[in-house]
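We name chains A, B, ... by the order of the sequence lines, and we start the count at 1 in each one.
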Amino acid sequence: MAEELKKDEKSSNFLEEIIETDLANGKYKSIVTRFPPEPNGYLHMGHATSICLNFGLSKKYGGYTNLRFDDTNPVTEDVEYVDSIREDIKWLGFEWKNEHYASDYFDQLYEYAVVLINKGLAYVDDSTAEDIAEQKGTPTQPGRRNKYSDRSIEENLQLFAEMKAGKYKDGEKTLRARIDMESPNMLMRDPLLYRIKHAHHHQTGDKWCIYPMYDFAHGQSDSIEKVTHSICTLEFVPHRELYDWLIEKLEIFPSKQYEFARRNLSYTVMSKRKLLQLVNDKHVDGWDDPRMPTISGMRRRGYTPEGIREFCDRVGIAKRENITDVGLLEFCIREHLNKVALRRMVVFDPLKVVITNYKSVAADADATISADEMLVSENNPEDDKGGTRDIPFSNELYIEKEDFMENPPKKFFRLAPGKMVRLKSAYIIKCDEVIKDDKGEVVELRCSYIPESQSGNDTSGINVKGTLHWVSVKHAITAEIRLYDRLFKVEDPSSEEGDFKEYINSDSLQTVTTVYAEPSLKSAKFDERYQFLRKGYFTLDKDTSPSRMVFNRTVTLKDGWAKEQLRSQ
RNA sequence: UGACCCAUGGUGUAAUGGUAACACUACUGAUUUUGGUUCAGUCAUUUAAGGUUCGAAUCCUUAUGGGUCAACCA
């Protein structure tokens, strides 16, 4: 109820206003949107924005969204991408009403072209690509027609039929709309409608050797599907004039195009072309490398659909260029993970602690876990129903090296000679002795524990400021972890001087081959999210094998102490 | 030296001629068996100049800045 109220109160963006107006004055009873990817690459965060927008709008106002593959260029497209796109949309949590392909409409599109020819609004041009470009003029100079534009309707009809029949080679002829070679809008200067490509199409096979251009496929497909609001990005603004012209001349259902600014994220790039380069040049592990802003990359990294959707909701949409701080995305991911992640203890960089006054039951090498004291810890303090797990304790533990300092600064709340800390869900310990090797490196701590300080039964009356995570040496299991940082060193790699790849952050992946984890992680599952206490959120990577567990760091925890240290430097 | 689109805190978005706000970030403090979470608070905003109006972030004009357009790509 309160949730609904909040949504109603939320201000509308410009698209919602348009839809509300259209609905209010009866232009439409319900709306139809579509998500129209070209199957020539993997989906990224920008697509996620579009998906959330299109599906979100039809859900909010009653209606539906189609998935339509914009497959008019068989040379660059492949079914591999069709499959990954479907999977990504489903994973994000959306369901399309109908699944279509622009290629479903090739027959209809051909008929539309014939209609234009019959109206004297399209002609077959024999010019080369170079000539057409030259005749087109420039943004500041008008273009001019050539002799082919005067062909009769009958001749155009016949030539177009011959194009379809395969009589001509690639590039030999094109079909163009006859509009206005002097238009200030370059797209209106007799745009190409069809080109010849003797290429195998992943959906239609070898049926066609002529393929419609984007402008003669997209709007018409929208119209055929009765799409009411066709939402695309800003670079298509100049196409709108042509979009409307074709629909008007064809006298078909008047779908309308609306444009919004594509979403850019700081410290990454967001174009298929650039992402492809990163993959091809092996700067990343593939399209689903956890550092990539692709949906598959974010999924592998451990981002959740809920977090991504929340991010899209929060940033909203508008018509101005933007670079959104990835920090906001990370905030949304943390916010969700904090609610669902299981807490576990993992030591990344171990320092051995011997509890001198603790009598470990299992002193033998062959001792079983059950012989030792089992402590209980909550799986998630944010979730009442999260339950608990048992953690074995013993007289030999690992703590994090960085959690001990021999000469600590004033605000250091962790372990130091003579100081006490709480071991999470266990006891308070006091550091009695520091043991060093020949080089003066601290290699072991001798501590004593306070038996009355056990978590949940603490009668010691001692208050300590710091709480550390730990694992029992002999019970610990090992794993590999991969720590990710931003892929680029600068906020906007594309706007920097030179090639964007010069700004790649060479430290974006740090692998720690052996970390020590509490034994319950042995049963870690792929769809489960974990918070390694005080370290960050992690999830199992697909590189995990029976002999080696691999965890990806999804995102760090907010680290107030790191900030404090930075400040004092 | 054309046409079109855009301009609100550091970032992203609201305010639809009537008190410039929300979130993130940053900073204070409280709570905390995660230096996490949670809670309370602080800093910070209309590109500029004219005009219309009782009143302009909003409407008009001009300037400035940014973006897009000359693929048989989408």
OP1 or OP2 of B:U37 under 4.0 Å from side-chain N/O of A:Lys558: yes

Pi stacking test for A:Trp561 and B:G35: under 5.5 Å apart, planes under 30°: yes

C1' spacing across the pair B:U62 / B:C24, given as an integer number of angstrom: 37 Å

Who pairs with B:C39 - Watson-Crick or G-U, where each distance is under 3.5 Å: B:G29

Atom-pair distance (CG on A:Leu328; P on B:G10), nearest Å: 17 Å

Interatomic distance at P, B:U19 relative to B:A57, whole Å: 10 Å

A:Glu16 side chain to A:Asn13 backbone, donor-acceptor under 3.5 Å: yes

Minimum-distance nucleotide to A:Pro139 side chain [options: B:G36, B:C69, B:A3]: B:C69

Inter-nucleotide P distance (B:A20, B:A44), Å rounded: 15 Å

C1'-based separation of B:C69 from B:G12 [nearest Å]: 27 Å

Euclidean distance for P, B:U58 against B:A49 (whole angstrom): 12 Å

Nucleotide opposite B:C24 in a Watson-Crick or G-U pair, distances under 3.5 Å: B:G10

Pairwise C1' distance, B:G18 and B:G55 [rounded to whole Å]: 7 Å

Sugar-phosphate only, base, or nothing, as touched by A:Tyr214 at under 4.0 Å among non-hydrogen atoms: base

A:Asn380 or A:Ala318, whichever maps to the more 5' nucleotide of RNA chain B: A:Ala318

Side chain proximity check, A:Tyr243 to A:Ser255, heavy atoms < 4.5 angstrom: yes

Sugar-phosphate only, base, or nothing, as touched by A:Lys272 at under 4.0 Å among non-hydrogen atoms: nothing

Counterpart base for B:C59, defined by Watson-Crick or G-U wobble contacts under 3.5 Å: B:G51

Touch class at under 4.0 angstrom, heavy-atom based, for A:Thr72 against every strand present: sugar-phosphate

Sugar-phosphate, base or nothing in reach of A:Asn73, heavy atoms under 4.0 Å: sugar-phosphate

Qualifying residue for side chain to side chain donor-acceptor pair (under 3.5 Å) with A:His469, from A:Arg534, A:Lys424, A:Lys535: A:Arg534

C1' atoms of B:A71 and B:G66, separation to the nearest Å: 25 Å

Touch class at under 4.0 angstrom, heavy-atom based, for A:Phe311 against every strand present: nothing

Touch class at under 4.0 angstrom, heavy-atom based, for A:Ser127 against every strand present: base

Check: A:Phe236 ring centre within less than 6.0 Å of A:His218 ring centre: no

Sugar-phosphate, base or nothing in reach of A:Lys136, heavy atoms under 4.0 Å: nothing

Sugar-phosphate, base or nothing in reach of A:Arg176, heavy atoms under 4.0 Å: nothing

Parallel, tilted or perpendicular: ring planes of A:Tyr110 versus A:Phe160, cut at 30 and 60 degrees: parallel

Identified pairing partner of B:U19, criterion: Watson-Crick or G-U wobble below 3.5 Å: none

P gap between B:C4 and B:U42, integer Å: 46 Å

Watson-Crick/G-U partner (both atom distances under 3.5 Å) of B:C4: B:G67

